[in-house]
Amino acid sequence: MQQQGMQRTLSIIKPDGVRKKVIGEVVRRFESAGIRIAAMKMLHLSKREAEGFYAVHRERPFFGSLTDFMSSGPIVVMVLEGENVIARNRELMGATDPKKADAGTIRASMADNIEHNIVHGSDAPETAATEIRYFFSELEIVS
Ligand code: GDP
């Protein structure tokens, strides 16, 4: 990651995305956009692990429901790498609420509602670093 502007971000295909069998379609969108998959694995979070990941939202009214959902089935976690990839991934994802997401984005095309919205993507360099560390050791990330 020597090049200027190169970033890493954490992407998650949430349990609804895995259930809808859109893992391939989501990955295809990243790769077609020139984003490199630097790490990838499937896992099934416990309720406690989902609470740990979303700890910043613990005061929000939807925290219980969100963490039930995130621990309801397997997820796919990925490290994406590319120039300005944090913002570019957020553009590909679309707004949190699929009703407000731009046409053609992952959430507008595939998501059912504001909670079951197919993908997660880090929103800033600091959160990307923390979130990547939550799931991956440096040895699991391929340069
Ligand atoms: P994101 O960065 O676009 O994923 O959005 P946030 O960080 O604001 O929220 C984290 C996740 O919580 C979202 O992706 C949704 O799954 C869920 N979420 C956000 N807002 C709401 C809400 O108003 N109601 C419910 N039920 N879930 C929400």
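Numbering of ligands and ligand atoms starts at 1, following listing order. Starting from 1, each residue takes its place in the sequence as its number.
- The aromatic rings of H120 and F53 lie perpendicular to each other, with more than 60° between the two planes, well past the 30° mark.
- No N or O atom of H116 sits closer than 3.5 Å to an N or O atom of ligand 1.
- Here E91 does not pair with R88 in a salt bridge; the nearest charged N to carboxylate O distance is not below 4.0 Å.
- Residue R107 has at least one heavy-atom neighbour below 4.0 Å for each of these atoms of ligand 1: 1 (P), 3 (O), 4 (O), 14 (O).
- Taking OH of Y54 as the start and CE of M70 as the end, the distance is 4.0 Å to the nearest 0.5 Å.
- Among protein heavy atoms, atom 15 (C) of ligand 1 sits closest to I114 O, 3.2 Å.
- Counting only non-hydrogen atoms, the option in M93, K14, H120 that gets closest to atom 14 (O) of ligand 1 is K14.
- Every atom of ligand 1 with a heavy atom of N117 under 4.0 Å away is listed here by number and element: 13 (C), 14 (O), 15 (C), 16 (O).
- In terms of hydrophobic clustering, with Ile, Leu, Val, Met, Phe, Trp and Tyr side chains grouped at heavy-atom distances under 4.5 Å, I12 and L92 are assigned to different clusters.
- Between the side chains of K47 and S71, no donor-acceptor pair of N or O atoms lies under 3.5 Å.
- T105 places none of its side-chain heavy atoms less than 4.5 Å from the side chain of M93.
- The pair R8-E138 meets the salt-bridge criterion, with a side-chain N (NZ, NE, NH1 or NH2) lying under 4.0 Å from an Asp/Glu carboxylate O.
- In the hydrophobic clustering of this structure, M42 does not group with I141; members are Ile, Leu, Val, Met, Phe, Trp, Tyr whose side-chain heavy atoms approach within less than 4.5 Å, directly or through other members.
- The protein non-hydrogen atom at the shortest distance from atom 1 (P) of ligand 1 is T96 OG1, 3.6 Å.
- The shortest N or O to N or O distance between S65 and ligand 1 is not below 3.5 Å.
- In this structure, the protein non-hydrogen atom closest to atom 2 (O) of ligand 1 is R90 NH1, 2.8 Å.
- Proximity of D97 to ligand 1, defined as any heavy-atom pair under 4.0 Å, is not found for any part of the residue.
- Among F63, F69, Y54, F62, the residue whose heavy atom sits closest to atom 20 (N) of ligand 1 is F62.
- Atom 26 (N) of ligand 1 has E115 OE1, 3.1 Å as its closest protein atom, hydrogens excluded (heavy atom only).
- Below 3.5 Å of separation, one finds no N or O of R60 facing any N or O of ligand 1.
- Distance from atom 9 (O) of ligand 1 to its nearest protein heavy atom, with residue and atom name: H57 NE2, 3.5 Å.
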